[in-house]
There are 2 protein chains.
Amino acid sequence: MVTIYDIAKLAGCSPATVSKAFNNYSSVKESTYKKVMEVSESLGYTPNTNARALTTKKTWLIGVLFSEDTGAGITHPHFSEILQNFKMRSSEYGYDVLFVSKQIGNKEASYLEHCKYRGLEGVLLAMDRNHVDEVQNVISSGIKCVSVEDIYPDVPTVIADYRMGTLQALEYLYLLGHRKIAHIACPLTSVAGRERYGAYLEFLNSKGLEVNPKYIIETDVFSHEEGSKAAVKLLQQCWDDLPTAIFIAYDDIAFSAMSTIQSQGFRIPEDISVVGFDNLKLSCYMSPALTTVHQDRATIGRMAADRLIQLIENKPTEDALDVRIPTKLIVRNSCARA
Amino acid sequence: MVTIYDIAKLAGCSPATVSKAFNNYSSVKESTYKKVMEVSESLGYTPNTNARALTTKKTWLIGVLFSEDTGAGITHPHFSEILQNFKMRSSEYGYDVLFVSKQIGNKEASYLEHCKYRGLEGVLLAMDRNHVDEVQNVISSGIKCVSVEDIYPDVPTVIADYRMGTLQALEYLYLLGHRKIAHIACPLTSVAGRERYGAYLEFLNSKGLEVNPKYIIETDVFSHEEGSKAAVKLLQQCWDDLPTAIFIAYDDIAFSAMSTIQSQGFRIPEDISVVGFDNLKLSCYMSPALTTVHQDRATIGRMAADRLIQLIENKPTEDALDVRIPTKLIVRNSCARA
DNA sequence: CTGAAAGCGCTAACAC
DNA sequence: GTGTTAGCGCTTTCAG
């Protein structure tokens, strides 16, 4: 391994000067800077982060904390896109991204221990409620955090404006004349589930529509399978007074719900209109193409990185603690006039 | 920050002993071991990787190299699932997973420089051909590598058996009586594209079927949009002699191709049968549900981790350089008798 | 079984 | 402008 000592020797200067050259100290003379760079180039020198971090206490390392349950986490198209953008933005600032784990060597460890072990300067939180306590420990430890999935007290949050999106979807259905609008909610343990459900109730209220409990189905997990189950249940429990439209809180669930509804002999949108939420890539290839609420995951990922790094570097910000990214209704073919 | 010195003082022993305790040296007396653990527990001690790595030269760090072009990389459902499993398996062995980037602090760097900078012990390769030279540099540097996407000389590879999968798909169509089988290939710059296309030709040959160039469409990128374009082109160029079945080398492309074919007035499977490849989660929610070739991404991810860590730890292996994971045909509703 | 001491590669005062 | 020196937190001989 090439070190600054090797370079110092060949460049005819001290290790300290080499270090300074690499850290762009203005005091280093132009000519010695060049000499140093020349030599290190020829030796194929790369600085060693571990040594650097040991003295500076700066690791340039950010952790990401994702659920690892099947179907969740980075496997989920929503999060993978956020992660991708988060990673790219972090890199631009010079920070590297590491998966937080529960393992140190061959020992089980807590998330917090792992974060400390690696000297993570900040952590992106994208965990479900299944591990709140552990996550709360990380937050309480003082490590800088930003969340893109759940809401924790005092932790900056970058999430799509779920209320806005829900209202956009429902307003659209309302304009098409729908008054009997059902709702298939995603798990109410999630912010997405709660806020979309809350906005649904708010909307009905604001329009003076009655809240029919039979029109509301709550799913247990974020998964395709749930959609079929929910659709079956919905149709069953209001067979005598079917809704004319369904607002489904999550595209992935909408896909399977649609397919189930169709297999029960209903036409979409002629018999029942459907609006989803998320605008997953495939929603346009459903038949009919799904009308849904788009959320801007690229912006979420990038902005989460911006905020986290602001925090890490103690930069002032004017952003609110809870930042909401505007949504947009994407109209396709899954809705018709009532 | 709590260090071994703090612990040594309180536990009434030397820092060296603390270190030994934490590294499970058998020479440490049971009672002092307990004392050390007790104290470090109460102080909330966590060892510091940077210091550790500096002396041991072992970072317990593995890099993952993914394409960052839109639609590729971890955003791609295929890779995100591989990555998820790779990460989980690596953690079990005590290795942490870091994204390789092209940035060191605020300086642009090569992948190799970044790997050296972070002291990565191994790298998972999942890059497209757009950056072969850079990837080749990493490989040549001696850093241990395993590929799940492309094939590089002397680099262990864990990929699904694309030939097997293709043959399964085509054999099935053949049994249904299809003789005019078209092929929409994914980019031939990829192993997936080449091998599936190659197996397609091999199959036609083996059955004594004529290769009709009009029945073959090559797409340029892995994306939904390509599917529509390819479908339009295919239908156009063999309007007077349509195929009765299409083998589409990639589900994502199949989704949009199907939707385009249907919008042109053809029924699937009555007029045209379709088989895809990959068994993406959503293939069962297409209408009709897509018959496709399943590849076992969980196994690929896990096995890639196993192999990489074997390499890192110089463990002997009996695995071939190029490991192929068996595929399975998943029969749904997109094919009918010819 | 335990401890002293050297050193991993680098940075940061402080002298010069 | 440049060099000397100490030290970051840990592991690892080697004595004892």
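In what follows, chains are A, B, ... by sequence order, proteins preceding strands, each numbered from 1. All values reported here derive from a predicted model rather than from experimental measurement.
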Exercise. What residues in residues 94-105 of chain A put a non-hydrogen atom under 4.0 Å from any atom of DNA chain D?
Worked result: none
For this session: Assign the ring pair A:Tyr95 / A:Trp60 to parallel, tilted or perpendicular, where the plane angle (0 to 90°) is split at 30° and 60°.
Result: tilted
Seminar exercise, completed: Taking for B:Tyr45 and for A:Ala16 the nucleotide of DNA chain D with the nearest heavy atom, the one nearer the 5' end belongs to A:Ala16
Exercise. Whole-Å distance between C:dG9 C1' and B:Tyr117 OH?
Worked result: 13 Å
For this session: List the steps and the verdict of side-chain contact (heavy atoms from CB on, under 4.5 Å) for A:Ile62 and A:Leu308.
Result: CA-CA 9 Å; A:Ile62 290 178; A:Leu308 187 53; 3.7 Å; yes
For this session: Provide, to the nearest angstrom, the distance between the CG atom belonging to A:Asn23 and the P atom belonging to C:dA12.
Result: 7 Å
Exercise. Which residue, B:Lys29 or A:Arg52, contacts DNA chain C at a nucleotide closer to its 5' end, judged by nearest heavy atom?
Worked result: B:Lys29
Exercise. Closer to the 5' end of DNA chain C via nearest nucleotide, is it B:Val28 or B:Ala51?
Worked result: B:Val28
Problem set entry | Whole angstrom value for the distance that separates P of D:dC10 from CH2 of B:Trp60 | 17 Å
Problem set entry | B:Leu125 side chain reached by B:Val135 side chain, heavy atoms, under 4.5 Å | yes
Problem set entry | Any B:Thr32 side-chain N or O less than 4.0 Å from OP1/OP2 of C:dC1 | no
For this session: Report yes if at least one side-chain N or O of B:Thr55 is closer than 4.0 Å to OP1 or OP2 of C:dG7; otherwise report no.
Result: no
Exercise. Does the side chain of A:Thr17 get closer than 4.0 angstrom to OP1 or OP2 of D:dG1 through an N or O atom?
Worked result: no
Problem set entry | B:Phe79/B:His76 aromatic ring centres below 6.0 Å | yes
Problem set entry | Interatomic distance, B:Ile4 CD1 vs C:dG7 C1' [rounded to whole Å] | 14 Å
Exercise. Across the strands shown, which category fits A:Ser27 at heavy-atom distances under 4.0 angstrom: base, sugar-phosphate, nothing?
Worked result: base
For this session: Would you indicate, yes or no, if C:dG3 has its OP1 or OP2 atom less than 4.0 angstrom from a side-chain nitrogen or oxygen of B:Ser14?
Result: yes
Exercise. Looking only at side-chain N and O atoms, does A:Tyr25 come under 4.0 Å of OP1 or OP2 in C:dT11?
Worked result: no
Exercise. Taking CG from B:Asn50 and C1' from D:dC10, how many angstroms apart are they, rounded to a whole number?
Worked result: 11 Å
Problem set entry | Phosphate OP1/OP2 of C:dA12 contacted by A:Lys20 side-chain N/O (<4.0 Å) | no
For this session: Answer yes or no: is there a side-chain heavy-atom contact under 4.5 Å between B:Asp6 and B:Tyr45?
Result: no
Exercise. By side-chain contact (heavy atoms from CB on, under 4.5 Å), which residues pair with B:Lys116, not counting sequence neighbours?
Worked result: A:Thr46, B:Leu112
Seminar exercise, completed: In short, the helix from C:dC1-D:dG16 to C:dC16-D:dG1 is bent end to end, axes from five pairs each side, to 10°, by 30°
Exercise. Between atom NZ in A:Lys57 and atom P in C:dA12, what is the gap in whole Å?
Worked result: 11 Å
Exercise. Separation of A:Lys9 atom NZ from D:dG3 atom P, in whole Å?
Worked result: 14 Å
Exercise. Centre of B:Tyr152's six-membered ring, under 6.0 Å away, within 45 degrees of the axis: is that where NZ or CZ of B:Arg129 sits?
Worked result: yes
Exercise. Checking only heavy atoms, does the side chain of A:Tyr5 share a donor-acceptor pair with the base of C:dC8 at less than 3.5 Å?
Worked result: no
Exercise. Is it the case that A:Thr317 and A:Gln310 place a side-chain donor and acceptor less than 3.5 Å from each other?
Worked result: yes
Problem set entry | For B:Tyr111 against B:Met127, the heavy-atom pair lying closest together | OH-CE, 3.7 Å
Exercise. Which atom pair, heavy atoms only, marks the closest approach of A:Phe22 to A:Ser40?
Worked result: CZ-OG, 3.5 Å
Exercise. How many Å lie between CG on B:Leu54 and P on C:dT11, as a whole number?
Worked result: 12 Å
For this session: Output yes when at least one side-chain N/O atom of A:Ser19 is less than 4.0 Å from OP1 or OP2 of C:dT11, else no.
Result: yes
